[in-house]
Novice: 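The following block contains the structure, expressed as structure tokens.
Remember, it's 1-based here, ligands and their atoms both numbered in the order they're listed. Basis for what follows: all heavy atoms, side chains included, without hydrogens, waters or symmetry-related copies. This chain uses plain numbering: 1 for the first residue, then up along the sequence.
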Amino acid sequence: MKILAIIASPRGMQGNTGRLLEEVLSGVTAAGAETEILSLKDLKVLPCVACDLCHKTGVCKVDDDYETIKDKLLACDGFILASPNYIFSVTAQMKALFDRCNGLIHCMALEGKYAAVVETSGGGEDAEVLTYMERFVNTLGALSVGGIGSPMAGIRTFPAEEALFSRASALGKELCHCIRDKRQLPEQAAFQEGFRARMSGLVEFMQEDWEYESEFWGMKRRK
Ligand SMILES: Cc1cc2nc3c(=O)[nH]c(=O)nc-3n(C[C@H](O)[C@H](O)[C@H](O)COP(=O)(O)O)c2cc1C
């Protein structure tokens with residue numbers, strides 16, 4: 001089982017988010033899965049230019065690392081998104097990646113995969129960033145097994161750290177158990193059903209222009 005972790009802090013794994021992600025990954029490893037970390041600070045992911053080519057061809061023509069990240073997302077069994085809280089949201093690095101995933105979202109291409117989300121902040125509002133990332137996971141077609149977030153207490157330290165780290169490690173294990181058991185998460189079904197109707201309707205409406213996505217949905221419906 002392969003778990004891909006994408007961290008969007010400009011400090012990479014050396015910051016607070018990296019510290020909390022380490023604990024989630026310790027749970028993943030304890031559950032017997034392989035891990036790979038992609039740090040967006042070492043990769044180039046430019047903003048989406050809204051050329052619509054991904055909808056037409058399935059491939060983004062912006063010359064950077066997005067296609068490599070996309071292939072890794074498509075190949076993994078589960079993934080983890082980790083970002084610090086920057087002004088009540090994810091970092092610009094993570095947002096650029098989210099926007100570039102627009103083609104994957106139109107196809108809900110990560111259906112069948114599971115994800116967890118990780119966030120740290122200076123002083124709170126953790127829940128809204130976690131919820132935002134979980135919603136993004138759902139738009140990709142994947143299921144979110146949950147998230148963990150915390151304000152920092154200092155550099156790479158957190159309040160009530162022992163309990164936090166224990167929850168972080170449990171989240172990593174839960175991610176692997178959900179994948180292994182192909183767990184149903186019925187509370188996410190209504191959103192996904194509505195989103196599926198919306199995306200499949202949008203692609204049908206645009207079928208003459210968006211050849212790739214139109215074929216993708218054709219195959220999905222025949223499955
Ligand atoms: C540009 C910027 C914006 C931030 N905005 C917020 C914020 O809105 N709320 C908050 O609680 N912390 C905010 N912080 C603090 C970070 O979320 C916090 O220090 C986080 O743990 C940093 O994670 P890292 O060490 O992994 O980069 C901000 C930090 C920076 C640099």
Side-chain angles (χ1 to χ4, degrees), residues 2-31 33-48 64-66 68-70 72-73 76 78-101 114-140 142 144-176:
K2 182 109 196 229
I3 305 296
L4 181 70
I6 300 180
I7 178 158
S9 165
R11 297 176 179 143
M13 287 299 286
Q14 309 314 313
N16 301 324
T17 314
R19 180 70 194 92
L20 189 53
L21 176 60
E22 275 170 17
E23 294 300 319
V24 178
L25 290 175
S26 80
V28 169
T29 308
E34 243 183 86
T35 62
E36 179 178 0
I37 301 170
L38 290 184
S39 182
L40 295 184
K41 90 171 183 32
D42 301 325
L43 296 165
K44 187 164 135 192
V45 181
L46 295 166
C48 173
D64 62 11
D65 294 313
Y66 169 67
T68 307
I69 299 172
K70 184 183 95 177
K72 285 181 184 290
L73 277 169
C76 72
F79 57 99
I80 300 169
L81 300 173
S83 177
N85 178 334
Y86 274 17
I87 326 296
F88 315 115
S89 189
V90 294
T91 59
Q93 290 86 338
M94 186 66 101
K95 182 59 165 65
L97 177 64
F98 285 6
D99 293 351
R100 293 289 294 287
C101 287
Y114 293 81
V117 297
V118 179
E119 179 264 9
T120 69
S121 65
E125 286 92 23
D126 305 302
E128 61 187 90
V129 182
L130 291 170
T131 302
Y132 174 55
M133 289 196 278
E134 289 192 271
R135 185 52 56 97
F136 170 72
V137 164
N138 281 163
T139 62
L140 290 168
S144 173
V145 310
I148 188 151
S150 173
M152 62 192 243
I155 297 170
R156 286 170 67 82
T157 62
F158 301 93
E161 196 166 88
E162 207 175 312
L164 178 74
F165 286 174
S166 148
R167 283 196 292 121
S169 160
L171 178 65
K173 287 182 192 147
E174 177 71 356
L175 174 60
C176 298

Novice: State whether the shortest distance between N or O atoms of Gly15 and N or O atoms of ligand 1 falls below 3.5 angstrom.
Specialist: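 No, no N or O pair falls under 3.5 Å.
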
Novice: Quick check on contacts: which atoms of ligand 1 are under 4.0 angstrom from a heavy atom of Phe88?
Specialist: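 So the answer, numbered in order with elements, is 8 (O).
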
Novice: Would you say the side-chain atoms of Arg156 pair up with the backbone N or O of Gly15, donor to acceptor, closer than 3.5 Å?
Specialist: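 The answer is yes, because a donor-acceptor pair under 3.5 Å joins these two groups.
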
Novice: Looking at Ser83 and Thr91, would you say the former's side chain and the latter's main chain have a donor-acceptor pair under 3.5 Å?
Specialist: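 The answer is yes, because a donor-acceptor pair under 3.5 Å joins these two groups.
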
Novice: Taking Asp65 for its side chain and Val45 for its backbone only, find out whether a donor-acceptor pair lies under 3.5 Å.
Specialist: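 No, Asp65 side chain to Val45 backbone: no donor-acceptor pair under 3.5 Å.
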
Novice: Could you list the atoms of ligand 1 found under 4.0 angstrom from a heavy atom of Gly124?
Specialist: 11 (O)

Novice: Within the 4.0 Å heavy-atom shell around Thr17, which atoms of ligand 1 are there?
Specialist: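 Answer for ligand 1: 23 (O), 24 (P), 26 (O).
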
Novice: Would Gly18 count as being in polar contact with ligand 1, using the rule that some N or O on each side must be under 3.5 angstrom apart?
Specialist: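 Between Gly18 and ligand 1 (N or O atoms, distance only) the closest approach is not under 3.5 Å.
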
Novice: Is the backbone N or O of Glu125 less than 3.5 Å from a side-chain atom of Asn85, with the two atoms forming a donor-acceptor pair by type?
Specialist: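 Yes; judged by distance alone, with no hydrogens or angles, the pair exists.
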
Novice: Considering the options Thr68, Ile69, Leu97, which one meets the side-chain contact (heavy atoms from CB on, under 4.5 Å) requirement together with Leu43?
Specialist: Ile69

Novice: Identify which of Thr91, Asn85, Val129 has a heavy atom lying nearest to atom 14 (N) of ligand 1.
Specialist: Asn85

Novice: Going by distance only, is there an N or O of Asn16 that falls short of 3.5 Å from an N or O of ligand 1?
Specialist: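 The answer is yes, given that Asn16 and ligand 1 share an N or O pair closer than 3.5 Å.
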
Novice: Is Gly12 close to ligand 1, meaning an N/O of one under 3.5 Å from an N/O of the other?
Specialist: no

Novice: Tell me the closest heavy-atom pair linking Ser144 and Asn138, and the distance in Å.
Specialist: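 Scanning both residues completely, I find the closest heavy atoms to be N-ND2, 3.9 Å.
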
